[in-house]
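Only one structure is covered here, and it is reproduced in the block below.
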Amino acid sequence: MAVLHALARAKAMRAPRERKDGNLPAVAGAGEPSVRFDIMSRERRSALMGRIRGRDTGPEMTVRRLLHAMGYRFRLHVRDLPGKPDIVFRSRRVALFVHGCFWHRHDCGLAYVPKTRAEFWQRKFDGNVARDRRTKRELEVAGWRVVTVWECQLGDLAFLAGRLAKELGPPGKQGRRAGPISKVRRSGQKTRDQAKPSRR
């Protein structure tokens, strides 16, 4: 019983502060249409939406950890490429994007349209899709291969790892031969062996 009284007291103390800060929604009088549908003020909603990340998102970090565990090395958010791809394999000429299904409109259940301000959201989604198409076309014209990983595909990491291995080829440095490196190592070893007797 004491716990219930303490909770009620805490709620009563919070209520005036919430009213003062403008956290509560505007309530219309009886029979009047509500002026606002959102329970947050315009400024708070804007601040909340502004905190949505464009890079280093949860799905992107998952894909980066998976690729690193598979033995791949890469660059992140390369600015000199169209669209600043999330993950770049320069030697393979592959640009990889990790897309959220909601924001980039994947044909899965996560790509719903919010019920409020549907026109605004549709314009935003159409702009995102058009930008993705334009970025992909520019990269392909420049000789890059574009790979897209969707957020919903992260549920089965083993399957995703197999797909990425097919898209990227075996891990390790591309375009470098082992011959010159082994010669350098042998010549370095020979130099060290020659230097040892001179120290005696």
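Side chains of Glu151 and Cys101 form a contact here, defined as non-hydrogen atoms less than 4.5 Å apart. Annotation: side chain of Leu66 is in contact with side chain of Leu164 (closest heavy-atom distance under 4.5 Å). At least one side-chain heavy atom of Asp132 sits under 4.5 Å from a side-chain heavy atom of His99. The side-chain heavy atoms of Arg133 and Val129, taken from C-beta on, include a pair separated by under 4.5 Å. At a threshold of 4.5 Å between non-hydrogen side-chain atoms, the residues Arg64 and Phe74 count as touching. With a 4.5 Å cut-off on side-chain heavy atoms, Leu96 and Val63 count as touching. Within the 4.5 Å cutoff, the side chain of Phe102 has no heavy atoms near those of the Cys108 side chain.
Distance NZ/Lys84 to CZ/Arg79: 5.5 Å, rounded to 0.5 Å. To the nearest 0.5 Å, the span separating CZ on Arg73 from CD1 on Ile87 amounts to 12.5 Å.
Of all heavy-atom pairs spanning Met70 and Ala161, the tightest one is CE-O, 3.2 Å. Looking at every heavy atom in both residues, Ala165 comes nearest to Tyr72 through CA-OH, 3.5 Å.
For Asp156, there are no side-chain hydrogen bond (donor to acceptor under 3.5 Å, both in side chains) partners at least two apart in sequence or on another chain. Listed by chain and number, the residues in a side-chain hydrogen bond (donor to acceptor under 3.5 Å, both in side chains) with Arg131 are Asn128 (sequence neighbours excluded). Contacts of Phe120 classified as ring pair (Phe, Tyr, Trp, His ring centres under 6.0 Å), with partners at least two apart in sequence or in another chain: none. Scored by the side-chain hydrogen bond (donor to acceptor under 3.5 Å, both in side chains) test, Asp107 finds no partners at all (sequence neighbours excluded). A search for side-chain hydrogen bond (donor to acceptor under 3.5 Å, both in side chains) contacts involving Glu140 returns nothing, not counting sequence neighbours.
Residues Leu154 and Leu76 share a single hydrophobic cluster, defined by chaining ILVMFWY side chains whose heavy atoms lie under 4.5 Å apart. Under a hydrophobic clustering in which Ile, Leu, Val, Met, Phe, Trp and Tyr are joined whenever their side-chain heavy atoms come within less than 4.5 Å, directly or via other members, Val94 and Val98 fall into the same cluster. Taking hydrophobic clusters as Ile, Leu, Val, Met, Phe, Trp and Tyr residues chained together by side-chain heavy-atom distances below 4.5 Å, Leu157 does not share a cluster with Trp150.
Under a 4.0 Å N-O distance rule, the pair Arg75/Asp80 does not qualify as a salt bridge.
Applying the ring pair (Phe, Tyr, Trp, His ring centres under 6.0 Å) test to residues at least two apart or on different chains, none of the pairs has a partner in residues 151-173. Among pairs with a residue in residues 163-172, those fulfilling salt bridge (charged side-chain N to carboxylate O under 4.0 Å, His left out) read Arg145-Glu167, at least two apart in sequence or across chains.
Formation of a donor-acceptor pair under 3.5 Å by the Arg105 side chain with backbone atoms of Phe125 is not found in this model.
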Is there a side chain to side chain contact (heavy atoms under 4.5 Å, CB included) between Arg65 and Glu60? Walk through the geometry before answering. CA-CA 9 Å; Arg65 279 192 288 269; Glu60 186 184 326; over 6 Å; no
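The 12-atom threshold is exceeded at CZ of Arg93, counting heavy atoms of other residues, nucleotides or ligands nearer than 6.0 Å.
By the 30° and 60° cut-offs, the orientation of the rings of Trp121 relative to Trp103 is tilted.
With side-chain heavy atoms closer than 4.5 Å counting as contact, directly or through intermediates, the hydrophobic cluster containing Phe97 also holds Val78, Leu81, Val88, Leu139, Trp144, Val146.
Judged purely by distance below 3.5 Å, without hydrogens or angles, the side chains of His106 and Gln153 never pair a donor atom with an acceptor atom.
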